[in-house]
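All values below come from the heavy atoms of this structure, side chains included, with hydrogens, waters and symmetry mates left out.
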Amino acid sequence: MYNLTVNNREVSVDVPGDTPLLWVLRDELRLTGTKFGCGVAQCGACTVMMDGMTRRSCVTPIEMADGAFVETIEGLDTPESQAVQAAWVANDVPQCGWCQSGQVVSATALLTEIPQPTDDDIDNAMAGNICRCATYQRIRKAIHDAASTLEG
Amino acid sequence: MTEHTRRQFLSASAGLVVAVTLPLPGRAQSGAAAILGQDAPTQGDFAPNAFIRVAPDDTVTVLIKHIEFGQGPYTGLSTLVAEEMDADWSQMRAEAAPANAELYANLFFGMQGTGGSTAMANSYMQMRKAGAAARAMLVAAAAEEWGVPAGEIEVAQGVVRHGASDRSARFGELAERAAGMTVPEDPPLKDPGQFKLIGTEVQKLDTKPKSTGQATFTLDVYREGMETVVVRHPPFFGGRVANFDPAPAMAVPGVVAVREIPSGIAVYATSTAAALKGREALDVEWDDTEAETRSSEEMLQAFSEAAAAETLVAEEAGDVDGALEGAEQVIETEFRFPYLAHAPLETLDAVIEMRDGVAELWMGSQFPSLDKPTLAQTLGVDPSNVIINVMFAGGSFGRRAQPDAHLAAEIAAIAKAAGRNGSWKLLWTREDDLHGGYYRPMTVHRMRGGIDAEGNIVGWTDVLANQSIMAGGPMEAMMDKGLDPTAYEGATKMPYDLVNFRTSWARMESPVPVLWWRSVGHTHTGYATEVFLDMLLEAAGKDPVQGRLDLLRADAGRDRAVLERVAAMAGWDGQRVKGDRGYGIALHESFNTYVAQIAEVSNDNGMPRVHRVWCAVDCGVAVNPGVIRAQMEGGIGYGLTALLYSQITLLPGGRIAENNFDDYRMLRINEMPAVEVEILDTDHDPSGVGEPGTPPIGPAVGNAWRALTGQTVTRLPFTVGVQS
Ligand code: FES
Ligand code: FES
């Protein structure tokens, strides 16, 4: 039995300790906003926040998340996440949409850390998130827009 | 429109429904697919307008007959309806149309399906007429209610108004009465000059749910008691199960069954993690007697030899052999292209539920008209008892358009092997995806070009060798004289006046299954023809832009216009190199959309770094310029990944070398060029944009690289080609 806080809710799950957090979130908790794209920490589709840091949930065994504070796309609710999501909508960023939960989580983490990121900051923070539809140009612009909103 | 008497508007809880006779009353939202997923009306029904529902709450829901995987049909087709209805964009909603070939056929295919960048083109008039009919009926309803002539009524932004009597009503208020009105035979359409929404960048309807994690894809479907299934497929193509031992898999907690199905060994479990662990534990012996055991290198060699031998002529003009004989200078090159996986970010997946002879499927079904009979046949149920929910898909790029319906067949086999009521989710991992075949065909182009003493191109031959996508499936009937145009499209019907030319094809055979990959034949013909042309122009001492313009046929006006536009955008001045940057151009029409691109490239440790791309596109009437630009950006990123990094490699013995994104690399944000798109203002009917942005980027970068380094890369991807 593992206990953790997910989106401010305390949950207990009875699964083997090597079960990836991704599948706990999806199969057990039915938080389906977090996506599967590779399973080997290469694409970022499964990105969540764990104890304040971005984390690839596909390679995070649940035993490592025991006692942790986890936030998924469904639970994001800060000025940064709101600015990011508003900018995502305004720029019509998503195409197929599959990568976008992970992109939004990574972008939110970036702005929380660096309120006015440069293009290099964006490259560093976002290069772990693949977008097969190549919405990168809009992601970059949306992050800059969100930063301006937060500053304004 | 004919047989309008067979059509009627239904008054139901959902309000106004433009539809053919429906067997059940309408229901809202999620039930719609199930309701409409009935067998088609009897033969002779002409039912183009089963597309619109107006609810009492004023929402207008458009049933979209094309799958949405980011290319924009939800927004685009809804825009057409909203335009002719004079609806307000904020009241528009979209949802997937159910599987029903008669109601929701792609008018270019004659069956329900998405592909070839046809969604907008085949729907343009159909959806506008659907909207115009709905508008006319709302107006008729208002006229009746208010006792005023219909001709005095105006509609704007979802409000129906009679000025003289100062009365107005919203769509929802009129829905019920409108449902009783006669369907107009041939409602008038607007002149393009009257468009209010077409041509504007309305907000995409699926943007918000996709930015908040709320959009529901196939993998997000969970049914009560559902099991997750993964399948161990043969590790080489054409292989079979010889023997297997289910015991080690069954010993994994959570694994509930192991079954052999036609495509491999299926492991059933109570969770995804258990299914994956169970599959890992499986012990399978394979039979490779009929498998492809050649390596990619051996295959390329065989393809190259075949291209040198006798081949089928696809297109020919003049006396090319004589012309090459008499040419001052003859240039020969062979281009080699690898197999490519589509690698949509959502891997293949499907959910099936069996309920006493009823099969319900949730899947990113791109060809529902082929998936449905496959399910029915495999499961032995009547097609009328097969319900298909066409889900959002996390990308496809052609991968989900399966003429052999292999994914539907696999999920059906899984349900059949379970042999009971229940529900199952099939998941392919990334490794399954990359190892799974259905690749862009490996291709060789052998090219020869002749130049005369004045620098004119006097002869051009292109011999291709690759497998056929259409042969051996339901598309084979479309092949004429043994020719599969998808093998060489783009190397024929070129816009240039080459006078003496010949394009021919050698059909290759292999158990490796091949499929259309974003822009199909153009993926390689665009590169081969536009890089080779650049080589000839250079040898003739001509400017790449002016040289192309001089070569364009008199009737290639649209090609000329995008070429001139892109040259203006980039400020082309004939200098192919400036400082540390090289510039290359390419022009390529595909799916009736004309695209020209210029790439700015530098040399980053022996590999091109692409800084900027200028892109001019003519896709006819620009229904949503934002969607068009997004598709050009995406098509460029997709093509760039393939050009620089992508290859699926068969090792000696036939196993695949690439496993996941660590060795099948994707373009990342730091490698994405700044893309500038301009859309030509034309009044041609709209053509597609999902694919045509992809073909020109490879040759544009290849030509920029040639300019910068003098190296012509003839073997893709660049990671391999720059070294050879
Ligand atoms: S699924 Fe976790 S990084 Fe790709
Ligand atoms: S929007 Fe499709 S993968 Fe990013």
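Side chain to side chain, A/Asp27 and B/Ser271 fail the donor-acceptor criterion of an N or O pair below 3.5 Å. Side chain to side chain, A/Gln42 and B/Asn660 fail the donor-acceptor criterion of an N or O pair below 3.5 Å.
Contact of B/Leu276 with chain A is made through the side chain alone, with heavy-atom distances under 4.5 Å. Proximity to chain A is absent for every atom of B/Arg665, based on heavy atoms less than 4.5 angstrom apart. Residue B/Ala274: no heavy atom, backbone or side chain, is found under 4.5 Å from chain A. Contact of A/Trp88 with chain B is made through backbone and side chain together, with heavy-atom distances under 4.5 Å. Contact of A/Val89 with chain B is made through backbone and side chain together, with heavy-atom distances under 4.5 Å.
Closest approach of A/Cys96 to B/Phe69, counting heavy atoms only: CB-O, 3.1 Å. Residue B/Trp428 comes nearest to A/Phe36 through the heavy atom pair O-CE2, 4.0 Å, listed as atom of the first residue, atom of the second, then distance.
At a heavy-atom separation below 4.5 angstrom, chain B is approached by no residue within residues 8-15 of chain A. Within residues 110-146 of chain A, the residues having any heavy atom under 4.5 Å from a heavy atom of chain B are, by residue number, A/Ile122, A/Asp123, A/Met126, A/Ala127, A/Gly128, A/Asn129, A/Ile130, A/Arg132, A/Cys133, A/Ala134, A/Tyr136, A/Gln137, A/Arg138, A/Ile139, A/Arg140.
Put simply, the side chain of B/Leu219 does not reach to within 4.5 Å of the side chain of A/Lys35, judged on heavy atoms. Using a 4.5 Å heavy-atom cutoff, the side chains of A/Pro16 and B/Lys277 are in contact.
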**Request:** Check the pair A/Gln95 / B/Gln631 against side chain to side chain donor-acceptor pair (under 3.5 Å), numbers first and verdict last.
**Result:** CA-CA 9 Å; A/Gln95 288 189 26; B/Gln631 285 305 303; 3.1 Å; yes
**Message:** Go through it in stages, so that I can follow the logic: the residues are A/Arg26 and B/Asp220, the test is side chain to side chain contact (heavy atoms under 4.5 Å, CB included), and I'd like the CA-CA distance, side-chain angles, deciding distance and then a yes or no.
**Reply:** CA-CA 8 Å; A/Arg26 293 183 55 89; B/Asp220 305 335; 2.8 Å; yes
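For the atom pair CG of B/Leu205 and CG of A/Asp92, the computed distance is 9.5 Å after rounding to the nearest 0.5 Å.
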